[in-house]
Amino acid sequence: MSPAAKDRLIAVVSPVVALVMLFGLWELVIKVRNIKELILPAPSDILIQAWRTRGTLMEYVMFTGKEAMVGLVAAVCVSLFLAMLIHGNETLSSLGAGLAGAGRALPTIVLYPVVTVFLGTTSTAVIVIIAITLVPLLFGYVLTGLTMRSDLDDLMHVAGADGWQKFSLVRVPMALPYIVTGLRTALPLAVISAIVAEYFGGSTHTLGAFIRLQAGQLHTLDLWAAIVFACLLGVLAFVVGDLLERAALRRRGDSPVLL
Amino acid sequence: MADAGAALAAPPHGGVGSVAKPATSGAAASRSRRITAAWGRALLYALLFVLAICALWELAKVVTQTNDQLMPHSWDIVKQLGEPATRGETWFQYLAGNWVITLRNALVGFAVGSLGGLLLGIAIARNRLVGAALLPITTLMQTIPIVAIGPALVLFLGTGWVTKAFIAAFLTFFPVTVATAKGIAQTSSDSVDLMRVCAAGPLQTLVKMQLPSALPMIFVGLETAAGMAVIGAIVAELPFGTKDGLGATILTSWQFYTIEPTPLYLAAVASCALGAFVVFSVRAVRTLIPAAETQGSTR
Amino acid sequence: GSSDESVGADGKPLTKVRLNLSWVDQAEYAGWYVADKKGYFEEEGIDIEITPGGPDVNTMQILEAGTVDIAMNSYGAQLAAREQGADLVTIAPAFERAANILVYFADKPELADPKNWKGKKVSLWGGWNATFAATLGKNGLSLDDVEVSNQSFDMTNFVKEGVDLADAMVYNEWAQAISGADGRELAFYDYNKAGTATLEQNLVAKREYIEKNPELIKGFLKASMKGWMDVREDPDLGVKTTLEIGTALPEKFQDWQVNEINKMIWPSTAGLFAVTDEIWKQNESILYENEVIKKPVDHDAAVDMSFRDEVAKELEAEGFDLTGADFKPKEIDPYTYFKD
Amino acid sequence: MSQSTVTTPPAAVVSPPVGLAARGVNRAFTVKGKELVALQDVDLEIAKGEFVSIIGPSGCGKSTLLRIFADLLPVTSGTPVVDGVTPQLAREDRRLGVVFQSANLMPWRSVLRNVALPLEVMGRSKAGREKTAAELLKMVGLEGYEKHLPRQLSGGMQQRVAIARALSTDPKVLLMDEPFGALDEITRERLNQELMEIWARLNPTVLFITHSIPEAVYLSNRVVVMAARPGRVVEVVDVDLPQPRTPEMRDAPEFHAIEARIRHLLATGGH
Amino acid sequence: MSQSTVTTPPAAVVSPPVGLAARGVNRAFTVKGKELVALQDVDLEIAKGEFVSIIGPSGCGKSTLLRIFADLLPVTSGTPVVDGVTPQLAREDRRLGVVFQSANLMPWRSVLRNVALPLEVMGRSKAGREKTAAELLKMVGLEGYEKHLPRQLSGGMQQRVAIARALSTDPKVLLMDEPFGALDEITRERLNQELMEIWARLNPTVLFITHSIPEAVYLSNRVVVMAARPGRVVEVVDVDLPQPRTPEMRDAPEFHAIEARIRHLLATGGH
Ligand SMILES: Nc1ncnc2c1ncn2[C@@H]1O[C@H](COP(=O)(O)OP(=O)(O)OP(=O)(O)O)[C@@H](O)[C@H]1O
Ligand SMILES: Nc1ncnc2c1ncn2[C@@H]1O[C@H](COP(=O)(O)OP(=O)(O)OP(=O)(O)O)[C@@H](O)[C@H]1O
Ligand SMILES: Cc1ncc(C[n+]2csc(CCO)c2C)c(N)n1
Ligand SMILES: [Mg+2]
Ligand SMILES: [Mg+2]
């Protein structure tokens, strides 16, 4: 076997083996220690239940996914707008970068009660929370990207380009890897934020609310089945983000920005 | 997710006018100056941030014509700090006490999670098989909505501070793991070759070269993790039954919001201050470690 | 396990007993705080540890996991847990009366009749409530006919008319809603009057624990009952002790709440920590007939009042008044009391 | 402005044909409160069509001077002249082309579209600019690579693209900052040769910064030797070798003599 | 192993004193399924104490050869010899020093502690290794900079530190991969001079990779000219200039003759 093929095999087989081992261990502990379903169900039962209720759960996944997407899009728009507004000014940019850094340190989920005060425990509140969580992150990436300097700026200057040409022909394409990396980072975060926010209130036709409902009713199997779907949604977000980044960067042979 | 982007203060390609620093003789003096500057900047940002939020708040209040019950004036929220809480202490003292408790939970979780992340990160970076097996799983773990398995955690760890610290650790773990693995993997191959030519063993290469080289990256991860640890500690206090901590303060003041709205805002602000404090502390620690401050090795 | 031992003030060894409340710390639990403060638990050889509950603390699950020894919850929740295979036993109902109501704005009088709830928005804690489900069932509706949402921790959403009906306790959220309603008049649907109310604050323990520690159970009940009788005699002590717990509770609110809680208990028809057989039967049929639980209740397996009855006898012998027949609550109007 | 153009001929017409000139140019930077003199009293006259190289130690202000000519940096005092006018006018009139050490191509654009960039900025039609770009690519020997992405090209080829791009607006003045600094010796000499041919054909004024003495000597009519701290011109060395240059000249004693002279100036800073 | 040492003298003793040798060395890489011959049948003998440079176009396998000698890369076939033994033995016995194009200093360590790194790895005591490091820093002309951090030094100074570090274990063989490639001409010539002096003093076997023809000629006893695709040795040029070399020699006709010869070999690939 060629080394490359061997690498690919390892990349696929080893996580599968590790996962199977993990679930096997879990199953074993449940069986050996005779742990009641009320406390922690066995993975096999969870998977069966997840499959059985996939119809309803998929409905919730769609709804939660939609909330996450709307929140993300809102955050992207706000971030782009703000960054575009200030990227030309050095003082404002460094101030903005500092604030974005500080903003990322804030546990935005604690603003949930405050947001519900204004918007009620609605889907909108969930979306706003997601957006508040993501804006500092995305804004930071976009701003960093837009304020990147290179010889290309000088080149454009010498070529007599105007402000808009410099922005659209150099700034935006230069910022693209940062924007894409920001998106990649924000995607799974949007999903997690959505579920957490839903959990504390909001429409019941969502994963977070369903999880809470099942917990309240002691339906542990349904609870864990919903968690499985929540993880699937998270993984989906992760994979989509990863593919997006790869696709965007492959086009130009760049490597991802690590921030 | 090395979303770890909190390192925005230092764009990777050195932003505007990256000119090599001229040689300074007093390294110690410049370092202490740098640290003071860093803290000064942090405080300035915090102040600006708070002022900006207050201004926006008042503006929104005027524009939407919202009453004082829903949207108390920012100065009334500040005034609440001096009002007595239930045991005779002021709200400031009451918040401070709970702030410290949540800080402790967050720090314990942060410490445990960081250590775990560091070890796993090393394992992943140094062993291809381990990396291939564990990286996807840690990624998967990260997608678990921790609030959802919270109730199950309570069953094993109780409703005490251990659960809170555990959740903080769980959220800390992932960014540190990824940052460590990436940091080590990114050590310049020349540096690793150098160690090999010196006939250094794997452990020496790790300790003397790879880990210090990875430190800037690790600190990016630690900064993200610090924020996550605080989020974890607070969120863990929200639904799992606890008397103390900012999460409990949020819950009680939330419950009585329609009667007295200001405490909820105070609790939220205190939580944000805690997040900022922990993250900036990590940044401060970074400025104390030469290897963490310098990116990569010299050209 | 209950083997944790410590030593009391007088050198007597104490055994740790962990009690999980059904909600966050507030005057609702004044009796236990007072009993702890006055040393009644210590007298019984108990080192009590009281942990609060909350909207997402599932006390029955925690109890089954062995994280606590005694937990509070509604009868419906206990029976649901029993159906899941957990052998949990009620050792006493703490409050004789039920306090759960559904609030709505008085200018929507049609909401007084459950038949008109079809298509309305209702918010419930945890998105589910056995009593509510039973009430729907009784009126020929099901959960699918109403739009249920999770009720968060405050009443703002209701006040802003995000929903038509909202879960409330008469001793808590009812006043919150009034405060937030900005002078608009409120009304509530009373499960008691509708005949679908069920017991809300039962003290529950694992059978295994009860069988191993009968003395602890008795000691716990005795101290608790003494605490509640103190609160009846001296409501201000209840308020003061609750505030000392240290949560950020508005004093006036706790003052009102203690009075309302006393009304849940006193005067006591069957004596403190007990209800009549009729109430038990009524509860069990409401829950079963409205399909909140699937099988008829085996009362003797779910409830064991023997400890309480023994303790009651002892207390009466010591001259304690377990009925509070002449209890007179204060008259406090929540519409005006919190305004200043 | 427009009035003076009508009544008297512009300055550029009365003075001798100036390709590039620095007259008493000074430039200082303030770094952390301290004044750093990057250029001190630089006087330089380069005739139209001349090829002049600058050589000097790192930090002597070579790039600073070039950036002043490119209107990327203002002077502290003195007068820079580009193609008879101010750098700003020259730039706005698109009489300038620049090439930097890194090819600085847009990695997301094809080679052709990279070369066409300045024309795109000028607003030239798509068809027109692509035709010009294709011709330029042919000139730098990259016919057939139009659709390639920059990363599919070697370093030397990328630098050729950068040169083609700089030439696209048919500039009167070409400013090159160590364009071949990152290439290996052989590629470098080959590109030197090509640059010579392009210069002979289009005859722009060229200011060429390099660290390589043979390269400077081989390419230039004159070599400006600079020294650092403060950045200044030490001497301008004439290269009296026949045009066009041929590779054999590199082995000629005259060549070595000029090399030696420059090496000496560099080592001593003119003292 | 130890037994054979006792009964028969090791191979290195019977053969002539070999500093570095490649005997029929081949090295191929598989890149995207395709075989890429980086080194083909390389035969090379370098005596102990000799200074040999390698020059050749980018990608001709210079670094690959050096990495094989440094035991950083195995051969596909053939025998590399380092100081009379296998690369692995030589490395484990700490007879090797390497310098790369980037100084590769640890930015968080002082200059002194950077130089002392290999000794620290060896387990030498702190006092002992810092004494050696200080002496080496003096030798490379960096006395007084012991406590500085790398970033406070210029590029040339950083490269001096890297050389001091490579010398710290008193290696028999010094492998240098374009150590001065990133420096400007003047700094480079100064460092060439210093390297000459160090070599004269310590007399290690040196394999020096460069892209600069004058540098290769100036420094070496012999210059190995390589060609690419497949990577191979074209010719080994003897540099018959007296030792020690002096800066004036750069202007001597003999020097230029050798330069011209190498330039020719590079341009034609030996044909
Ligand atoms: N924007 C700037 N701000 C501050 N100092 C600067 C700036 N640009 C250049 N300098 C300083 O001016 C001096 C000259 O710099 P310049 O880049 O012109 O040198 P150079 O001759 O091009 O060097 P090299 O050969 O390394 O490219 C240096 O000391 C440099 O640090
Ligand atoms: N690890 C590797 N994997 C695949 N190919 C490699 C590897 N290392 C080197 N090569 C290839 O081997 C050939 C020789 O590379 P090498 O680095 O030795 O060249 P070089 O002569 O040092 O070039 P340069 O002057 O640019 O440093 C090149 O084609 C290179 O792409
Ligand atoms: C103020 C207050 N709110 C909620 C509960 C929790 N709780 C316990 S029993 C019950 C009735 C529904 O089954 C509810 C909601 C509480 N104890 N006190
Ligand atoms: Mg320069
Ligand atoms: Mg190489």
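Each chain gets a letter, A, B and so on, in the order the sequences are listed, and its residues count up from 1.
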Participant: Under 6.0 Å from the NZ atom of A:Lys66, do we count more than 12 heavy atoms belonging to anything else shown?
Facilitator: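 Incorrect, the count does not exceed 12.
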Participant: If I compare all heavy atoms of C:Gln84 with all of A:Leu218, which pair ends up nearest, and what's the gap?
Facilitator: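 The pair with the smallest heavy-atom distance is OE1-O, 3.2 Å.
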Participant: Flag yes if more than 12 heavy atoms outside A:Lys31 fall under 6.0 Å of its NZ atom; otherwise flag no.
Facilitator: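 Yes, because the 6.0 Å sphere around NZ of A:Lys31 holds more than 12 heavy atoms from other groups.
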Participant: For A:Leu38 and C:Ala86, work out which heavy atoms get closest and say how close.
Facilitator: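 Taking A:Leu38 first and C:Ala86 second, the nearest heavy atoms are CD2-CB, 3.6 Å.
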Participant: I need the minimum non-hydrogen distance between A:Arg212 and C:Gln151, along with the two atoms involved.
Facilitator: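 Heavy-atom minimum between the residues: NH1-O, 3.9 Å.
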Participant: Tell me, out of C:Asp154, C:Thr156, C:Val159, C:Val163, who's got the most heavy-atom pairs with chain A below 4.5 Å.
Facilitator: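 Maximum pair count with chain A is reached by C:Thr156.
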Participant: Output the distance between atom OG (C:Ser149) and atom CD (A:Glu198), rounded to the nearest 0.5 Å.
Facilitator: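 With rounding to 0.5 Å, OG (C:Ser149) is 13.0 Å from CD (A:Glu198).
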Participant: Hey, which of C:Gly162, C:Ala65, C:Gly180 has the most heavy atom pairs under 4.5 Å with chain A?
Facilitator: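 Answer, by heavy-atom pair count under 4.5 Å with chain A: C:Ala65.
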Participant: As an exercise, state the distance from NE2 of A:His205 to CD of C:Glu147, rounded to the nearest 0.5 Å.
Facilitator: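 Rounded to the nearest 0.5 Å, the NE2-CD separation comes out at 6.5 Å.
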Participant: Using only atom types and a distance under 3.5 Å, with no angle test, would you say the side chain of C:Asn157 pairs donor to acceptor with the backbone of A:Thr116?
Facilitator: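 Not confirmed, C:Asn157 side chain does not pair with A:Thr116 backbone.
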Participant: State whether the number of non-hydrogen atoms from other residues, nucleotides or ligands found under 6.0 Å of C:Glu161 atom CD is greater than 12.
Facilitator: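 Enclosed: over 12 neighbouring heavy atoms sit under 6.0 Å from CD of C:Glu161.
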Participant: Any side-chain heavy atom of A:Leu119 sitting closer than 4.5 Å to one from C:Lys160?
Facilitator: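 A:Leu119 does not reach C:Lys160 side chain to side chain.
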